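Report on the following structure.
The figures that follow rest on heavy atoms only: side chains count, while hydrogens, waters and symmetry mates do not. Given the structure is predicted, the values throughout are model-derived calculations rather than measurements.
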Amino acid sequence: MKNFFALIIVVSFFSCKKAKSQISNDNKPKKEMTRKNKPGEINWDDKFFEPGKKAIMDCDFKIPSKELFEKKMNQIFKIDIKEHIGAKALWLDYYKGEPTEENIAASLVGMLSGRYINYADGMDPDDIIPDHMCKFNKMIFYNDIQATNWFKTNASYAIVDLIKDNGDIKNKDLLKFVFNKIDLANANELEELLFGTYARGKDYKYALRKDMLDKMIEYGAELSQLSTVANIVSNGSPESYEEDTEELYAYLMAHCYKAGQSGIIEYLYDTYPKMKEVFRKKDFYGIEDLKDFTDNFYIPKNKRFGLSSLGPDPYIDYGVINDPDGYTNLRDGKGTSAKVIKKIKEGEKFAIETNTGDWWSVVTEDGINGWIHSSRIKVIEGFSFEMNYRKN
């Protein structure tokens, strides 16, 4: 039903909240507009959408051709008017007999915007502003610059709602406007933009707009909360999503890397090593850089001396122990009275942070910091983290 209501009102662009706030100072009594049809029943003879139709017919809006109308409905609202039940009703039932192409287009355009003025919520048809309807339709069908700029300045919510509700990705200008207008640092706002709601019988299910995510990455939109959205999906109810939630989680996390969030993927691999194999089974979702990072740059946490796989090497040297007992104590401070943190065995490598005085500060492969007496350290000549770990 969501797309059905999107179909029935392109012209009356106002949302209920905005429309009601705009007329709140008008003290005249409001006419109650209610639908008396049974659920699923369509009766276009009740004149329910007649005000919208009349408004668009009376303005200077040029009725689009049938071809343009079909194209825009599919592009913006994801509706095939030949297949959609609401469109069939409009085409077959609103006009009796054989409708002319102009009448078909006029009736559809005049009733397209149920998302923006919702009569069922009590909007008085007398408050419909034909000029605003004209502007909305000019923006939708002809990418009219003046109309678009008017909405950006005076009713930006209409553009935001349009993109949020329908996920249109064809209009680069409107997409960029919405990306800048919405607080994408808010995970809930980001989730609203990335997921569309689709009716499945009596239930609604969420489906990821993968093309929208691709556009957000392409246009450099704020995606710092993408991993949070992934966790929302992971912790959500599986039956609420069109796709498998684990698959959605993996897809979103993979695209965190594509969006420049390498640290998130490194953390994911550190805490959930099996995710590498999940990505491999999906051929890294076609993200070549992620495959390269996984195969050639990522180093397990227990083998990187506390470093990030992507960061520069800050250490002076690397070493192994030099002790006839076959092990050396790593302590939490200088001196033999300091507490022993762990025992470093022969052959274990460690990074050297400082190499002055009797006690040197070192970091073990698994990232533990401590102190070893310099007499127990043998520096590995020519050893480098880059050569010996990043390429292995």
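- Nearest heavy atoms, Leu307 versus Pro314: CD2-CD, 3.1 Å.
- Glu192 is linked by a salt bridge (Lys or Arg N to Asp or Glu O under 4.0 Å) to Lys164, counting only residues two or more places apart in sequence or in another chain.
- Atom OG1 of residue Thr245 and atom CD of residue Glu239 lie 9.0 Å apart, to the nearest 0.5 angstrom.
- By the criterion of side-chain heavy atoms lying less than 4.5 angstrom apart, applied directly or through intervening Ile, Leu, Val, Met, Phe, Trp or Tyr residues, Tyr267 is not grouped with Val229; the two fall into different hydrophobic clusters.
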Arg209 and Asp214: CA distance, side-chain angles, deciding distance, salt bridge (Lys or Arg N to Asp or Glu O under 4.0 Å) verdict: CA-CA 9 Å; Arg209 295 167 173 155; Asp214 286 339; over 6 Å; no
Verdict with supporting geometry, Glu266 and Ser308, side-chain hydrogen bond (donor to acceptor under 3.5 Å, both in side chains): CA-CA 8 Å; Glu266 182 174 68; Ser308 164; 3.0 Å; yes
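- Within the 4.5 Å cutoff, the side chain of Thr364 has heavy atoms near those of the Lys342 side chain.
- A salt bridge between Arg304 and Asp270 is present, with a side-chain N of the basic residue lying under 4.0 Å from a carboxylate O of the acidic one.
- Between Glu243 and Lys210, at least one side-chain N (NZ, or NE/NH1/NH2) sits under 4.0 Å from a carboxylate O, which counts as a salt bridge.
- What you find for Ala221 and Leu184 is that their closest heavy atoms are CB-CD1, 4.0 Å.
- The closest donor-acceptor contact from the side chain of Arg331 to the backbone of Thr336 lies under 3.5 Å.
- The heavy-atom pair separating Ile76 from Asn166 by the smallest distance is O-CB, 3.0 Å.
- When all heavy atoms of Lys152 and Ser156 are compared, the pair lying nearest together is O-CB, 3.7 Å.
- A distance of 13.5 Å separates NZ of Lys258 from CE of Met216, quoted to the nearest 0.5 Å.
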Chi angles and distances behind the side-chain hydrogen bond (donor to acceptor under 3.5 Å, both in side chains) call for Asn180, Glu222: CA-CA 9 Å; Asn180 289 324; Glu222 168 63 58; over 6 Å; no
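- A ring-centre distance under 6.0 Å is found for Tyr285 and Tyr251.
- Seen from the ring of Tyr327, Lys345 does not count as a face-on cation partner, given the 6.0 Å and 45° thresholds.
- A side-chain donor-acceptor contact under 3.5 Å links Asp313 to the backbone of Tyr315.
- Here Ile265 contributes atom CD1 and Lys276 contributes atom NZ; the two are 12.5 Å apart, rounded to the nearest 0.5 Å.
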Candidate pair Thr328 and Asp323, rule side-chain hydrogen bond (donor to acceptor under 3.5 Å, both in side chains), full reasoning: CA-CA 7 Å; Thr328 290; Asp323 196 305; 3.2 Å; yes
Worked verdict on Leu252 versus Val233 for side chain to side chain contact (heavy atoms under 4.5 Å, CB included): CA-CA 9 Å; Leu252 289 170; Val233 170; 4.0 Å; yes
Pair Asp60-Lys138, salt bridge (Lys or Arg N to Asp or Glu O under 4.0 Å): steps then yes or no: CA-CA 10 Å; Asp60 64 348; Lys138 288 176 180 178; 3.1 Å; yes
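- Remark: Lys334 is not positioned above the aromatic ring of Trp359, lacking an NZ or CZ atom under 6.0 angstrom from the ring centre and at most 45 degrees off the axis.
- Trp371 and Asp332 get closest at one heavy-atom pair: CD1-C, 3.9 Å.
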Full working for side chain to side chain contact (heavy atoms under 4.5 Å, CB included) between Phe179 and Ile163: CA-CA 10 Å; Phe179 294 160; Ile163 300 298; 5.6 Å; no
Asn143 vs Asn171, side-chain hydrogen bond (donor to acceptor under 3.5 Å, both in side chains): CA-CA, chis, key distance, verdict: CA-CA 9 Å; Asn143 296 321; Asn171 192 315; 3.1 Å; yes
Chi angles and distances behind the salt bridge (Lys or Arg N to Asp or Glu O under 4.0 Å) call for Lys291, Asp295: CA-CA 6 Å; Lys291 182 178 187 302; Asp295 292 341; 3.2 Å; yes
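- Centroid-to-centroid, the aromatic rings of Tyr318 and Phe350 stay 6.0 Å apart or farther.
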Residue pair Tyr269, Thr294: steps toward the side chain to side chain contact (heavy atoms under 4.5 Å, CB included) verdict: CA-CA 9 Å; Tyr269 287 174; Thr294 305; 2.7 Å; yes
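- For the pair Gln261 (side chain) and Gln225 (backbone), a donor-acceptor distance under 3.5 Å is absent.
- Ring geometry for Phe195 versus Tyr241: interplanar angle over 60°, hence perpendicular rather than tilted (30 to 60°).
- To the nearest 0.5 Å, atom OH of residue Tyr257 and atom OG of residue Ser262 are 4.5 Å apart.
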Stepwise side chain to side chain contact (heavy atoms under 4.5 Å, CB included) test for Leu162 and Asp168: CA-CA 8 Å; Leu162 182 71; Asp168 175 32; 5.6 Å; no
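- Separating the CG atom in Leu213 from the CG atom in Leu194 is a distance of 5.5 Å, to the nearest 0.5 Å.
- Using a 3.5 Å distance cut-off with no hydrogens or angles, the side chains of Glu353 and Asn369 do pair a donor with an acceptor.
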Derivation of the salt bridge (Lys or Arg N to Asp or Glu O under 4.0 Å) call for Arg280 and Glu277: CA-CA 5 Å; Arg280 279 200 177 90; Glu277 299 312 313; 2.9 Å; yes
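- Here the shortest heavy-atom pairing between Leu290 and Ala254 reads CD2-CB, 3.7 Å.
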